[in-house]
Structures are given as structure tokens and as C-alpha cells.
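Numbered from 1 within each chain, the chains take letters A, B, ... in sequence-line order. For clarity, every value in this text was computed on a predicted model and none was experimentally measured.
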Amino acid sequence: MTPKSGTVRLPLFWMHTDYKNTLNLPRTDFPMKAELVRREPERLRKWESSGLYRRAQAARAGAQKFVLHDGPPFANGDVHIGTALNKILKDFVVSYKRLRGFNAPYVPGWDCHGLPIEFKVAQELRKTGQEGIGPAALRSACRAYALKYIDVQRTQFKRLGVLGDWENPYLTLNKEYEAAELELFADLVEAGLVYRGKKPVYWSIPCRTALAEAEVEYKDHVSQSVYVKFPLVGRPGVSVVIWTTTPWTLPANLAVAYNSTFSYSLVRVGKEQFIVSARLLGQVAEKCGWEGYEMVRSLDGGHLQELEYQHPFCRRAGRFFAGDSFVDNATGTGFVHVAPGHGLEDYQLGLKNGLPIYSPVDDDGRFALTNDLPAEQQMPVELVGKPILEKNGRSEANEAVMELLRAKGALLRQEDYLHSYPHCWRSKTPIIFRAMDQWFIEIDHVPGPNAQAPAAEPAANSFRNRALAEIERVAWVPDWGKNRIQAAVSGRPDWCISRQRTWGVPIPAFFDRDGRPILDARIVRNAAGLVRSVGSNAWFEKTDAELWNLLKPADWAGAEAVRKSNDTLDVWIDSGSSSRAVIATREELRGEDQEPFHCQMYLEGSDQHRGWFQSSLLLSLAANGAAPFDTVLTHGFMVDEDRQKISKSRQGQGGYEKPQTSEAYIKKHGADVIRLWVASQDYRNDLLVSEKRIEKVGETYRILRNALRYQLSNLYDFDPARDMVAEDSLTPLDRWILDEYSKLEQAVIKAYDAFEFHVVYQKVSQFVAVELSAIYHDVVKDRLYTDPANSPRRRSTQTALHRLVNSLCKMLAPLLAFTADEAWELVPGNGGNSVHLVAWQPVEFAMAPDERATWSQMFELRGMALAELEKARQAKQVGKALEARAILRGTGPLVECARAHAESLRELLNVSQLEVASGKEGKPLFEVAKADGAKCARCWHWETDVGANAEHPTICGRCVEAVKASQNESRSTRAPDTP
RNA sequence: GGGUGCGUGGCAGAGCGGUCAAAUGCAGCGGACUUAUAAUCCGCCACAGCCGGGAAGCUGUCGAGGGUUCGAAUCCCUCCGCACCCGCCA
């Protein structure tokens with residue numbers, strides 16, 4: 001080309017650069033690289049220093065409440081990734097509800113009392129030789145320990161982006177909490193639900209305490225199983241044979257159970273005769289080495305109930321009772337030795353038949369005589385003091401019993417027996433069942449004036465049945481959670497609530513001179529008052545007499561106390577009281593006046609059906625009259641690549657190479673990726689955690705981030721107040737994307753409302769990848785970059801982008817707490833405010849049905865054209881679509897549609913030229929050719945008018961206009977720093 | 001041992017009575033672009049068998065096997081596997 005005289009001839013690259021500067025190329029401060037690990041903490045500090053949580057709450061003052069009440073994690077150790085999952089899910093819920101206009105406070109809590117801490121602290125004290133410091137000092141050490149870990153965990157939880165009142169959490173060790181808990185307990189006492197009973201409980205010998213079900217774990221164990229002769233009274237030489245895996249319970253044997261549906265055989269072996277179950281006879285004969293035994297006759301339950309047997313080594317006799325529910329024909333002999341003090345079934349059978357609940361074992365797990373039987377009927381003296389606890393797999397008590405049996409000729413057979421057996425979760429030793437005096441909450445309690453001892457048959461209005469009825473009124477998500485809680489409640493025994501531990505809330509009970517317990521609601525309330533003013537340590541610091549004088553009601557007419565109780569409450573009473581101690585107590589959580597203890601949601605792992613869900617339900621029902629929650633949401637557990645559970649207990653036992661702490665993951669990926677990973681999976685099932693998966697979610701994160709970045713970067717010169725285009729003036733393509741978005745928004749809200757975050761994840765990422773990135777963003781680049789900055793078409797698209805980015809930020813805010821906030825700040829017109837303070841009101845964009853129909857035809861055409869373009873590209877005819885000219889031939893509605901919306905379709909195909917050829921009959925077919933004309937140096941379209949303008953010989957007519965407009969603008973209105 | 005839940009392509013995960021061998025994303029393979037640039041766009045992509053190769057087509061496979069139904073990934077039963085909860089065999 002020949003430059004006109006007078007024009008300055010520029011090298012080509014100058015020309016290029018020159019036009020490049022006339023384009024509206026994207027610019028933004030929103031970096032492509034997230035650097036979450038480095039930058040999230042900065043945002044966190046900003047949130048904190050600006051009091052974001054407080055401001056979010058203030059922004060919803062007076063709005064309808066949505067209270068998710070936090071289940072308190074145990075204040076011990078680092079935050080485990082599974083605990084992090086729980087907190088993140090809670091934050092999704094709270095954050096979403098807040099976004100939708102609810103007043104959604106979040107008050108985190110910690111469970112502070114209990115054996116694990118006491119154990120750990122005692123261990124440390126022992127190391128430093130301080131074990132004898134006494135209960136009050138031990139409690140102070142436990143308190144310090146708990147507070148230390150609360151601080152550690154608080155930092156780790158905050159790092160996840162969980163917004164809440166972290167400076168004012170609830171702690172079960174606070175005196176206000178303890179006082180409220182005791183007041184609730186007083187209500188239970190007043191209602192007659194609490195009784196002192198002697199019942200077999202799990203007993204940990206090294207820990208010297210009763211254990212809750214939750215504190216027991218099952219492991220394989222080798223027991224000494226024995227076949228023992230129980231000689232019949234009045235039938236010399238005839239014995240029944242029993243089988244047991246716990247020989248040490250034989251001194252406590254008071255009866256033998258049989259199954260009335262079984263047939264029994266009397267057989268002769270040498271000079272002796274034995275009775276065993278007919279079905280098990282072969283097995284037993286083999287075990288006991290009865291060669292050539294002889295059938296004498298068969299017997300049934302009717303015969304057996306007449307009989308009496310002589311205890312093999314104690315001077316007493318026992319009787320036979322039917323125990324059909326637990327005597328089976330699978331193992332043993334068909335006869336079950338019954339020790340009512342050492343087993344639940346034994347206990348029930350004993351209760352039914354008036355046997356003493358005899359448990360001749362002391363707190364140290366040694367044989368001991370008791371007052372339940374005359375001394376001469378109890379075990380021989382040589383057994384007294386023998387320890388049950390095994391050392392190196394041998395229990396002295398077992399050995400001594402077996403020795404005695406051998407000496408009496410009663411031991412038919414002894415062998416190792418491998419089975420799963422309950423162990424103490426702290427000391428890892430086998431637990432024993434041991435009947436002892438404990439406090440219980442009576443589950444089959446019938447309220448009313450005549451309520452007394454445990455009812456034999458649960459009445460319809462029993463506490464258990466009221467609890468079951470209450471379960472019906474709660475929404476369980478997912479719905480199978482209801483089965484779980486029902487099973488837990490209907491199957492549970494009375495609740496043993498006393499613990500022989502120091503680190504807990506004291507049970508304010510006393511004993512009189514005769515050792516009779518005194519538990520009175522008024523005394524408990526007085527104790528609550530004392531705890532409220534000076535803390536629960538007072539119970540351990542003051543003497544028995546001081547306490548009694550302080551707490552005794554003024555008009556006390558009962559027996560005088562001489563001794564205080566040293567038991568503490570089960571920790572499940574602690575956390576289970578939170579509806580009273582937290583929800584009803586804190587202004588921001590408090591429910592309606594009639595039900596101040598009531599909130600909208602509890603959200604925990606599925607193990608809590610037996611745990612906190614149940615204890616909360618039972619305690620609230622008993623003391624408040626109703627369940628504390630509307631909805632209980634449950635999630636599964638984290639499993640690793642091999643689908644093995646990632647458990648806290650495997651941690652530190654060499655189960656993992658890397659620690660499964662929240663920290664470890666956050667340090668590597670940042671919180672938003674972890675949050676997105678949580679969102680990506682259906683929490684109703686197990687959640688798979690592995691590097692691979694998290695990295696995949698990281699990909700999705702990048703796609704989302706990039707889409708936000710694209711939108712922001714094309715809004716740098718957009719002022720919504722000035723440039724916003726009215727909905728009906730938007731270009732068809734912009735209307736299309738807003739309509740698509742509106743559909744997405746509806747679906748996403750539906751998913752959020754159902755707490756199906758993985759559906760949100762799916763839908764959003766699908767929309768962003770397909771509708772936005774691959775279609776809309778790609779097509780619209782041309783308008784944004786090459787149209788005059790202030791042209792209606794560009795402003796229309798910017799209006800759409802502005803709406804999209806605004807709404808996407810809100811939509812993503814619950815999941816990507818950091819990134820959504822980061823993007824939100826940069827959206828023009830948002831004034832740098834936080835996305836966590838705004839309300840999300842979905843805007844419906846309703847396109848007319850015929851407009852929708854047009855677009856569905858347009859996309860059908862696009863599909864056809866893209867296939868042809870791809871062929872042309874494969875054939876090296878064209879490179880990118882802008883080099884192409886698309887020709888549509890044929891007839892029919894599609895062709896008509898193309899003709900009517902030719903320019904929209906051209907854009908949608910991203911080609912330089914589209915021709916809808918006329919006249920030719922037949923199916924619509926696309927043809928692709930090299931575009932006419934030359935490539936415009938500015939917009940890269942191929943146009944026939946390139947070169948037509950002498951001043952701008954390398955660009956097309958449209959660009960000439962755009963360049964002129966941009967020059968005018970930069971001379972007049974534009975600030976110097978804009979292009 | 002009992003209860004509950006789950007089991008879809010290499011991975012995640014839609015689908016929950018026909019339009020489904022099955023969306024979408026990721027991974028993989030092959031291209032394009034260099035004005036979203038450590039980005040973006042396009043195409044292909046489950047397995048096995050049948051058919052002379054290829055294309056097209058057919059058949060079977062949504063843990064396995066049965067059943068209900070005109071029709072099943074979707075409903076029912078049994079089994080297997082995984083997870084959670086419970087129980088602990090005296």
C-alpha cells in the first residue's frame with residue numbers, strides 16, 4: 001500500500017499497537033491466580049477488623065430468625081478434617097440463610113468436660129510428679145487444658161472462612177452454662193425422672209469409672225471360655241452344663257436360663273449324666289471329650305423349671321428360668337449362666353424373678369464380698385481380692401475360678417475364644433459389666449401422681465413413647481435419619497448419668513448417715529445458684545458440711561446429710577443441655593417466647609443420632625416439653641481413596657502418613673478449594689477425600705474464578721448508574737443469557753433450600769462452563785472489545801455482565817466465602833461492601849415463549865454450522881471461525897429463522913460473514929468458505945471494506961467508526977487513564 | 001450378628017418408570033487461537049460381542065441375580081461390596 005503524502009508512515013507493528021490501544025481490552029484488579037493460601041488470611045483479617053459478623057447481624061436486625069445451633073466439638077487436639085467438614089456445611093447453611101434475608105446468627109460452642117481431657121491432664125501431672133494435687137487443682141488444670149485447645153481450634157475454624165461470633169462462643173465449662181445445666185437437671189429431678197438404681201453398667205477398671213455407651217469401643221479379644229458342670233440338687237451324678245466366656249462372673253451366678261422352645265437331652269457319660277440342648281449335644285460332646293455317650297431321655301422346659309442346682313463352688317443353690325430371648329442354639333450348651341450383677345439380660349431376668357443384683361467386685365475390679373447375700377453363701381475366701389483386669393492376657397480372677405472348678409471336678413473343658421468385646425476407649429482395656437449404685441434417667445417413666453419404680457410394661461405416655469412421638473414432629477434430612485434416631489430411642493436402656501470422675505459438672509446429691517441418697521430439686525437449684533456465682537469448683541473445694549449448710553432448703557424436713565456425692569454428670573448431659581443453656585439464654589438465638597429453647601436446625605455427623613441429637617431431644621423434651629429443633633441435618637463421614645473411614649482415633653497411631661488435620665489441607669489448597677470440595681460431594685453419603693479429587697475441584701475453582709475475572713475485567717468502564725440499559729432494550733443475545741441465568745438461579749435456590757449443595761456445585765459449574773464460557777463470553781468478546789466504548793450494544797452486554805457477576809457472587813458466596821467476596825468488592829457500583837452483608841433476591845427474567853423458541857432454533861443452527869466449521873478447520877481451509885464465511889442453503893423454518901436473525905446468528909457462530917442463500921429447495925445445509933475481503937487489523941473480522949478508508953487503510957468500516965468515536969471520547973469526556 | 005444408608009462411564013456426579021448407554025465437568029486424545037494468555041475455543045472419547053476390514057447397524061452391560069411392567073439405571077426381592085449405628089454370644 002502507498003502511504004498518502006503527509007501521513008506519517010509507521011512500521012506495521014506500530015500500526016497494530018496503535019489500533020490495539022483503541023480496543024476496549026479487559027482490565028481488572030482481580031488476579032487470575034488465586035493464591036488462596038496467602039491471600040485468604042488477609043481477607044480474614046479485614047473481616048475481623050471490620051467486625052464483619054457483627055455487621056452482618058446488624059444488617060438483619062429484626063428479620064426473621066434462622067438459628068442453626070452449633071454442636072460443640074470436644075476441646076482437645078487440632079481440628080480434624082472431618083470436623084472441618086461439619087463446620088463448613090454449617091457455614092453453607094447459615095451463610096445462605098443470611099443471604100436470603102434471614103437473621104442467621106452462628107454461635108460456636110465447645111464441649112469441655114470429660115474423660116479424654118482428664119485422662120490427658122492426669123497423665124501430664126503424673127509425668128511431673130503432681131498426681132496427688134486433689135480434685136479442685138486437677139479441675140483447674142483440666143480447665144486450662146480445654147481453654148488452650150479452644151484457642152487452637154478457634155483459629156483453625158476461623159481460617160475455614162466460617163463466619164460466627166468467635167469471640168463469644170459458648171463453653172460447657174462456663175459457670176453460666178453449668179448453672180443452666182443444673183437447673184435443667186433440677187427440672188428432671190422434680191419430674192421424678194431421676195432415680196438411684198443398681199444396674200450393670202460398663203465399668204472401666206483402670207479409669208475407675210462407669211462409661212457411657214459412646215465411650216465404649218469394640219475390639220477383638222481372646223477370652224477364656226469354659227464348660228462347667230452345675231450339679232442338680234437331689235439327683236446325684238446329674239449335672240446341667242453351662243458355657244461362659246467370663247469365668248470370673250461365676251461367683252456371682254444366681255440362676256441358669258434355658259430356652260423353653262428347645263429340646264434338651266439327658267445323656268450318660270461313664271458314671272455321670274449331663275443335660276444339654278439336643279441341638280448342641282454333638283458339639284458339646286466333642287468339646288468335652290464324651291466318647292460313647294448314651295442317650296437317656298429328652299427333657300423340655302417343663303422339666304427344667306422344677307429343678308434346682310448346686311453352685312459349683314459356693315454354698316448356695318439356684319433355680320432354672322426361661323430366657324428365650326437370649327438363650328440361643330448357636331454356641332454353648334443351651335444353658336446360660338445368669339449373674340444379675342454382671343449383664344443386662346441377666347439383670348432383667350434377675351429383676352423379674354426377684355433375685356438380688358449381686359456384683360461381688362469392687363471399684364478396683366477385684367473380687368469382694370457384699371451385703372447382698374449372707375457371707376457364708378458367697379465365694380470362698382481364697383478368691384477375695386483377685387483382680388479381674390488382665391495382665392499379659394491373663395486374669396488372676398479367671399485363673400483362680402478355673403483352678404477352683406478344676407479342684408471341684410466341675411471344669412469339663414477350657415479353651416480360648418476369640419470374639420469382639422467392648423473396650424474402654426481411653427485405656428483400651430476390656431470393660432466389665434458391673435452392677436453398682438448409679439443415677440439414672442428413667443426412659444420408661446410415666447408421669448403422674450402415682451409414678452414410681454421402673455414400670456414393667458411401658459405405658460403409652462411413657463417418656464420413651466413421648467420421645468418417639470416427638471421424633472415424628474421433626475424433619476430429618478436425609479429422611480433415613482429418622483429411622484436412626486427412632487432405633488436409638490426405642491432401643492436404649494435407662495440412661496446412666498453418673499460418672500465417678502472429677503472433670504465434670506458435679507451431681508449435687510448428698511448421703512445421710514445410713515448412706516441413703518438425697519437428691520432434691522430445691523437443693524439442685526440452690527447448687528445451680530452457687531455455681532452461677534462462684535463456679536462448680538466450689539463443690540470440690542468446700543467441705544460436706546459447708547455445702548449442706550449452703551444448699552439445704554430452709555424448710556428441709558428430710559434426713560440430714562453427712563456426705564456429698566463425688567459423682568459428676570455424664571458429658572452428654574452437658575452438651576445435651578445446650579438448648580436451655582445456650583439457645584434459650586442468648587438473646588440472638590432465643591426462640592419465640594413460648595419456646596425460647598427452640599431453634600431451626602441441628603447439623604452433625606450421622607453418629608450423633610446416638611449422641612447429641614438424642615441427648616438434646618431427650619433432655620429438652622424432659623425439661624422443656626419439646627424437641628429443640630425443627631430440622632436435623634446429617635452428613636456422612638470422610639473416607640479415603642480406599643473407602644476407609646478417616647477417623648480421629650486412627651490419627652497418631654501410624655494409620656496415616658500425613659496428618660488428617662484441617663490445617664494440613666488448608667495450608668496446601670486454601671479454604672475456598674476445600675469448601676468447594678465439600679460442596680462438590682453429596683454429604684448424605686460418605687465423602688471421599690484424596691489429593692486427586694481436591695485437585696479436580698481446584699480445576700473447577702479456576703473455571704469459576706476465570707469467569708468472574710472475565711466479567712469484572714469487562715466492566716472497568718461501566719457505571720451502572722449511568723450506563724445501565726433497560727431490560728427490553730437489551731440485545732437478543734444478552735436477553736438470552738439472562739434468561740438462561742434466571743433458570744439456573746431458580747434451580748440453584750431450590751437446591752440450596754433443600755441443602756443439596758452438591759447440586760448447586762453441579763449446576764453452577766455446568767452453567768459457567770457451557771452457557772457462559774463456551775458460548776456467551778466467547779461470542780460477546782467482539783462487541784466488548786471492538787464496539788465503541790459507549791455504544792448501545794456494548795453497554796447492553798455490560799449490563800448483562802454486571803447483572804451476572806453480581807448475582808453469581810451472591811450465588812457463590814455461601815460456598816466460596818473468600819473468592820465471592822473478593823470479586824464482589826470489584827463489581828462497579830458495589831462500593832467495596834462485603835457480599836456477606838447483602839441480600840440475594842432472585843430476579844426473574846421471563847422471556848416470551850416465541851423468543852425462547854427462536855433461540856432454540858438458533859442453537860440448532862449453531863450445532864449444524866459448528867460441525868461444518870470443524871470440517872473446514874480439519875481440512876485447513878480456515879483456522880479460526882472469523883476467517884470463514886458460512887452459507888446456509890435450503891428451505892424451512894430453520895432457514896427462515898436464520899434469515900430473520902442473521903446478524904445474531906453470525907455472532908453466535910463467530911464467523912465474519914453469514915449468507916442465507918435464497919431459492920434453493922431442500923434440507924437446510926451449511927457450507928463453509930474462506931471469508932471475502934481482507935482481515936481487519938483491529939477487529940480481525942474479514943471484511944470487504946478493509947482499505948476503503950484512506951486514513952485507516954488496514955481496518956474495516958465498522959472499526960473506522962469505532963476509532964473515530966474513541967478519539968472523540970478521549971478528547972472530551974474520558975479521563976486520561978482510559979483508552 | 002442386627003439395623004440404616006449407599007453402589008451409574010478412568011474420576012466426580014446428574015438422571016429416579018418410556019424421549020437413557022446415560023447430562024455436565026474433570027482426566028485422556030486430536031486440533032484452533034494468541035485481543036480472558038500459567039487463559040480461551042473446537043472435535044473425539046464407556047466396555048464387550050456380532051458383522052470380511054472401515055462407516056453405519058445390532059446385542060448385552062448403570063454392583064450381581066431374579067421379579068413386577070407393554071417398557072426399568074429408575075419399583076420389588078435375594079445376594080455381594082462399602083460406610084455408619086447398634087449388639088456382644090452368656
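Checking the phosphate oxygens (OP1, OP2) of B:rA90, no side-chain nitrogen or oxygen of A:Tyr417 falls inside 4.0 Å. In this model, the phosphate group of B:rG87 is approached by a side-chain N or O of A:Tyr202 to a distance below 4.0 Å at OP1 or OP2. For A:Arg862 and B:rC41, the shortest distance from a side-chain N or O to OP1 or OP2 is not below 4.0 Å. At least one side-chain nitrogen or oxygen of A:Lys20 sits closer than 4.0 Å to the OP1 or OP2 atom of B:rU35. Checking the phosphate oxygens (OP1, OP2) of B:rA23, no side-chain nitrogen or oxygen of A:Gln762 falls inside 4.0 Å. Contact annotation: A:Ser765 does not reach the phosphate of B:rG25 (side-chain N/O to OP1 or OP2, under 4.0 Å).
At least one donor-acceptor pair closer than 3.5 Å links the side chain of A:Trp476 to the backbone N or O of A:Ile471. Remark: the backbone N or O of A:Ser713 is not paired with any side-chain donor or acceptor of A:Arg27 at under 3.5 angstrom. Using modelled atom types, one side-chain atom of A:His311 and one backbone atom of A:Leu250 make a donor-acceptor pair closer than 3.5 Å. Remark: the backbone N or O of A:Ala789 is not paired with any side-chain donor or acceptor of A:Asp787 at under 3.5 angstrom.
If you take atom C1' in B:rG81 and the same atom in B:rG63, they sit 7 Å apart, rounded to whole Å. Remark: the separation of the C1' atoms in B:rC29 and B:rA46 is 15 Å, to the nearest Å. To the nearest whole angstrom, the two P atoms, one in B:rC45 and one in B:rU24, are 12 Å apart. Rounded to the nearest Å, the gap between the P atom of B:rC44 and that of B:rG49 is 25 Å. Across B:rC33 and B:rA21, the matching P atoms stand 38 Å from one another, rounded to whole Å. Straight-line distance between the P atoms of B:rC76 and B:rG18: roughly 16 Å, to the nearest whole Å.
Between the side chains of A:Gln711 and A:His777, at least one donor N or O sits under 3.5 Å from an acceptor N or O. Side-chain N/O atoms of A:Arg958 and A:Thr786 include a donor and acceptor closer than 3.5 Å.
At a threshold of 4.0 angstrom between heavy atoms, the contacts of A:His609 with the nucleic acid are absent. In this structure, A:His777 reaches the bases: a heavy-atom distance under 4.0 Å links it to at least one base atom across the strands shown. A:Ser773 comes within 4.0 angstrom of a base, heavy atoms only. Among the heavy atoms of the strands, none lies under 4.0 Å from A:Ser713. Contact annotation for A:Phe30: no contact, since no heavy-atom pair falls under 4.0 Å across all strands. Base engagement by A:Asn706 is indicated by at least one non-hydrogen atom pair under 4.0 Å involving a base atom.
Base pairing of B:rA21: no nucleotide in any strand meets the Watson-Crick or G-U wobble criterion (both distances under 3.5 Å). B:rC33: no Watson-Crick or G-U partner with both key distances under 3.5 Å is found in any strand. The pairing partner recorded for B:rC82 is B:rG5, the criterion being a Watson-Crick or G-U wobble arrangement whose two distances lie under 3.5 angstrom. Nucleotide B:rC89 is matched to nothing when pairs are restricted to Watson-Crick or G-U wobble geometry with both distances under 3.5 angstrom. Nucleotide B:rU68 forms a pair with no other nucleotide shown, judged by Watson-Crick or G-U wobble geometry with both contacts under 3.5 Å.
When rounded to the nearest whole Å, the span between CG of A:Leu676 and P of B:rG13 equals 13 Å. In this structure, A:Asn398 places its CG atom 12 Å from P of B:rA90, rounding to the nearest Å. Put simply, OH on A:Tyr710 is 11 Å from C1' on B:rU35, counting in whole angstrom units. A:Tyr701 has its OH atom 14 Å from the P atom of B:rA39, to the nearest Å. For A:Lys871 and B:rC42, the NZ to C1' distance is 14 Å, given to the nearest whole Å.
If you find the closest nucleotide of RNA chain B to A:Asp346 and to A:Lys763, the one lying nearer the 5' end belongs to A:Lys763. Nucleotides of RNA chain B nearest to A:Thr333 and A:Arg702 differ in position, and the one nearer the 5' end is that of A:Arg702.
With B:rU40, B:rA14, B:rC85 as the choices, the nucleotide that has an atom nearest any side-chain atom of A:Lys781 turns out to be B:rU40. Of the candidates B:rC42, B:rC86, B:rA39, B:rC42 carries the atom nearest the A:Ala774 side chain, counting heavy atoms from C-beta on. Distance from the side chain of A:Gln681 is smallest to B:rG13 among B:rG13, B:rC84, B:rC41. Out of B:rA90, B:rA14, B:rC89, the shortest distance to the side chain of A:Asp682 is found at B:rA14. With B:rC84, B:rC89, B:rG25 as the choices, the nucleotide that has an atom nearest any side-chain atom of A:Ile703 turns out to be B:rG25. Closest contact between the side chain of A:Val770 and the listed nucleotides B:rG87, B:rU24, B:rC84 involves B:rU24.
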Taking only nitrogen or oxygen atoms into account, show me every contact under 3.5 Å that the protein makes with nucleotides 3-9 of chain B, one pair per line with its distance.
from: B:rU4; atom 1: O3'; to: A:Asn483; atom 2: ND2; distance (Å): 3.4

Expected rows: protein N/O vs nucleotides 28-33 of chain B N/O, under 3.5 Å:
from: B:rA32; atom 1: OP1; to: A:Lys876; atom 2: NZ; distance (Å): 2.8

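Residues A:Tyr264 and A:Phe335 bring their aromatic ring centres within 6.0 Å.
The aromatic rings of A:His342 and A:Trp248 sit perpendicular to each other, their planes meeting at more than 60°, with 30° as the lower class boundary. Aromatic ring pairs are classed by plane angle as parallel below 30°, tilted from 30° to 60° and perpendicular above 60°; the pair A:Phe320 and A:Tyr258 is tilted.
Cation-pi contact between A:Arg705 and A:Phe30: present, with separation from the ring centre below 6.0 Å and deviation from the ring axis of at most 45°.
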Could you please spell out the steps behind the side-chain hydrogen bond (donor to acceptor under 3.5 Å, both in side chains) verdict for A:Thr245 and A:Tyr421?
-> CA-CA 11 Å; A:Thr245 57; A:Tyr421 191 83; over 6 Å; no

